[in-house]
Amino acid sequence: MAYDSIFKADLFAGQTIIVTGGGSGIGRCTAHELAALGAHVLLVGRKADKLKNVAAEITEDGGKADWGTCDIREEEAVTHLVSEFIRKYGPIHGLVNNAGGQYPSPLASINQKGFETVMRTNLLGGFLMAREVFNQSMSKHGGAIVNMLADMWGGMPGMGHSGAARSGMDNLTKTAAFEWGYAGVRVNAVAPGWIASSGMDTYEGAFKAVIPTLREHVPLKRIGTESEVSAAIVFLLSPAAAFISGSTLRIDGAASLGGRAWPIHKATNSHSYNGFHRAYLPDVLKDKE
Ligand SMILES: CCCCCCC/C=C/C(=O)SCCNC(=O)CCNC(=O)[C@H](O)C(C)(C)COP(=O)(O)OP(=O)(O)OC[C@H]1O[C@@H](n2cnc3c(N)ncnc32)[C@H](O)[C@@H]1OP(=O)(O)O
Ligand SMILES: NC(=O)C1=CN([C@@H]2O[C@H](COP(=O)(O)OP(=O)(O)OC[C@H]3O[C@@H](n4cnc5c(N)ncnc54)[C@H](OP(=O)(O)O)[C@@H]3O)[C@@H](O)[C@H]2O)C=CC1
């Protein structure tokens, strides 16, 4: 019997997929992956030059890509962008709701404009994109949406505004999966932990200074890569995830686990803080490590 695997080189052939924030970092990487698997990708961001460059990279590699500028926080701009894409390229089969970001700041120093900016970027923008893609296209033929969150459920000092927005987006993911399932639309999310990306490179000051030490707090002992996030997004968009909807997939090297146990790891003097087992090894074995 010839087994018919889901995983094929043209997994997304015939599909048109929007990637917001496709001009850099994780979005750029995801757009490349999707195009390499046959999708026609449509890149969205505010800065035309970045989008144009990535679209050119993809077409040079033999893929299909176009782009459109839009501030995802502006309702009319989002409605117009999606209708233009549909007019030019037909139905939208996938949406990667990746655009976002924040600036690190303690809660006490966040002013109203800054709070609104981050909420509008990471929650309102994602909502508007998903609503328009659903109303104008996916409600008629199905599709898949992947929302970008960040692994901040335990609370994260300096990221209060963003954590609140991402928790909102997590809830919106579940509601959309519930409400839009009848139309064959799947809605999932990814929640990366620490990822070495072009976006992380933009941070300055105390936040930047701590980046080299972050891997110490990840059980896998390293921070992640852009392509490790893209791979999860591609999986959730693909037929391999056909019965997965309303889920949030953490991509964090297990960093979010065992928060209350870290002081114990430290106290037991396991040099990596990486688990109880080492602390309880006989001394003679510890010396050999
Ligand atoms: C265990 C795992 C943990 C998980 C950790 C997750 C870590 C996450 C990492 C990332 O997400 S990295 C990649 C994301 N990329 C970025 O964050 C890009 C850099 N950030 C930005 O560009 C902005 O922060 C933005 C909000 C995404 C976009 O801002 P926009 O250009 O629309 O607004 P601005 O005009 O710059 O600012 C408006 C308003 O916002 C306040 N504000 C902005 N920046 C700062 C700042 N550095 N300090 C204080 N306040 C700031 C401020 O009120 C601004 O108004 P004005 O003062 O300019 O009038
Ligand atoms: N790197 C990490 O460790 C983590 C990242 N994330 C999230 O992953 C996503 C991608 O991040 P990453 O690739 O690292 O960083 P980048 O800063 O490279 O990517 C963010 C992208 O979002 C776009 N963008 C921002 N605001 C808007 C807006 N209002 N309208 C349209 N586009 C916008 C930017 O394009 P332009 O400048 O053209 O507007 C940019 O291309 C972000 O949501 C980020 O917060 C989550 C967890 C961890």
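Each ligand, and each atom within it, is numbered from 1 in the order the structure gives.
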Identity and separation of the nearest protein heavy atom to atom 17 (O) of ligand 1: Tyr203 OH, 2.7 Å

Protein non-hydrogen atom below 4.0 angstrom of atom 59 (O) of ligand 1 present: yes

4.0 Å heavy-atom contact, Ser198 with ligand 2: yes

Options Asn122, Ile195, Thr117, Val218, ranked by nearest heavy atom to atom 38 (C) of ligand 1, top entry: Thr117

Ligand-residue contact atoms, ligand 2 with Ile195, heavy atoms, under 4.0 Å: 1 (N), 2 (C), 3 (O)

Residue of the set Asn97, Asp170, Thr248, Asn188 for which side chain to side chain donor-acceptor pair (under 3.5 Å) holds with Asn147: Asn97

Asn122, any N or O under 3.5 Å of ligand 2 N or O: no

Which residues share a side-chain hydrogen bond (donor to acceptor under 3.5 Å, both in side chains) with Asn98, sequence neighbours left out: none

Ile110 versus Tyr103, closest heavy-atom pair with distance: CG2-OH, 3.7 Å

For atom 14 (C) of ligand 1, closest protein heavy-atom neighbour: Gly101 CA, 3.7 Å

Mode of Ser197 contact toward ligand 2 - side chain, backbone, both, neither (heavy atoms, under 4.0 Å): side chain

Sub-4.0 Å heavy-atom approach of Asp252 to ligand 1: no

4.0 Å heavy-atom contact, Glu204 with ligand 1: no

Closest candidate by heavy atom, reference atom 30 (N) of ligand 2, pool Asp49, Val19, Ile72: Ile72

Mutual orientation of the aromatic rings belonging to Phe134 and Trp180 [parallel < 30°, tilted 30-60°, perpendicular > 60°]: parallel

Option nearest atom 19 (O) of ligand 2 (shortest heavy-atom distance, choices Gly21, Gly25, Ser24): Ser24

Whether Arg166 lies under 4.0 Å from ligand 2, heavy atom: yes

Closest approach of Leu42 to Thr16 (non-hydrogen atoms, all atoms of both residues): CD1-CG2, 3.5 Å

Residue, atom name and distance, where the atom is the protein heavy atom closest to atom 5 (C) of ligand 1: Trp194 CZ3, 3.5 Å

For atom 11 (O) of ligand 1, closest protein heavy-atom neighbour: Gln102 NE2, 2.7 Å

Ligand 2 contacted by Gly193 (non-hydrogen, < 4.0 Å): yes

Close-contact set for ligand 2 against Lys47 heavy atoms, below 4.0 Å: 37 (O), 38 (O)

Those atoms of ligand 2 less than 4.0 Å from some heavy atom in Cys70: 30 (N), 31 (C)

Any side-chain donor near an acceptor of the partner, Gln102 and His161, under 3.5 Å: no

Mode of Leu149 contact toward ligand 2 - side chain, backbone, both, neither (heavy atoms, under 4.0 Å): backbone

Closest approach of any protein heavy atom to atom 18 (C) of ligand 1, naming residue and atom: Thr202 OG1, 3.9 Å

Proximal ligand 2 atoms for Gly45, defined as those under 4.0 Å from one of its heavy atoms: 31 (C), 32 (N), 38 (O)

side-chain hydrogen bond (donor to acceptor under 3.5 Å, both in side chains) against Thr20, all qualifying residues, sequence neighbours excluded: none

Non-hydrogen atom of Ser162 closer than 4.0 Å to ligand 2: no

Atoms of ligand 2, numbered as shown, that sit under 4.0 Å from any heavy atom of Arg73: 29 (N)

Nearest-neighbour protein heavy atom for atom 6 (C) of ligand 1, which is reported as residue plus atom name and distance: Met152 CE, 3.7 Å

Residue-ligand contact Thr20/ligand 2, heavy atom below 4.0 Å: no

Asp71 neighbourhood, listing ligand 2 atoms whose heavy-atom distance to it stays under 4.0 Å: 28 (C), 29 (N), 30 (N)

Closest protein heavy atom (residue, atom, distance) for atom 52 (C) of ligand 1: Gly114 CA, 4.1 Å

Backbone or side-chain N or O of Lys113 under 3.5 Å from ligand 1 N or O: yes

Trp194 N/O to ligand 2 N/O under 3.5 Å: no

Approximate separation, where rounding is to 0.5 Å, of Leu124 CG and Thr117 OG1: 11.5 Å

Shortest protein heavy-atom distance from atom 42 (N) of ligand 1, along with the residue and atom involved: Tyr103 CE2, 3.3 Å

Met148 neighbourhood, listing ligand 2 atoms whose heavy-atom distance to it stays under 4.0 Å: 7 (C), 8 (O), 9 (C), 43 (O)

Ligand 2 versus Lys50: contacting region, heavy-atom distance under 4.0 Å: side chain

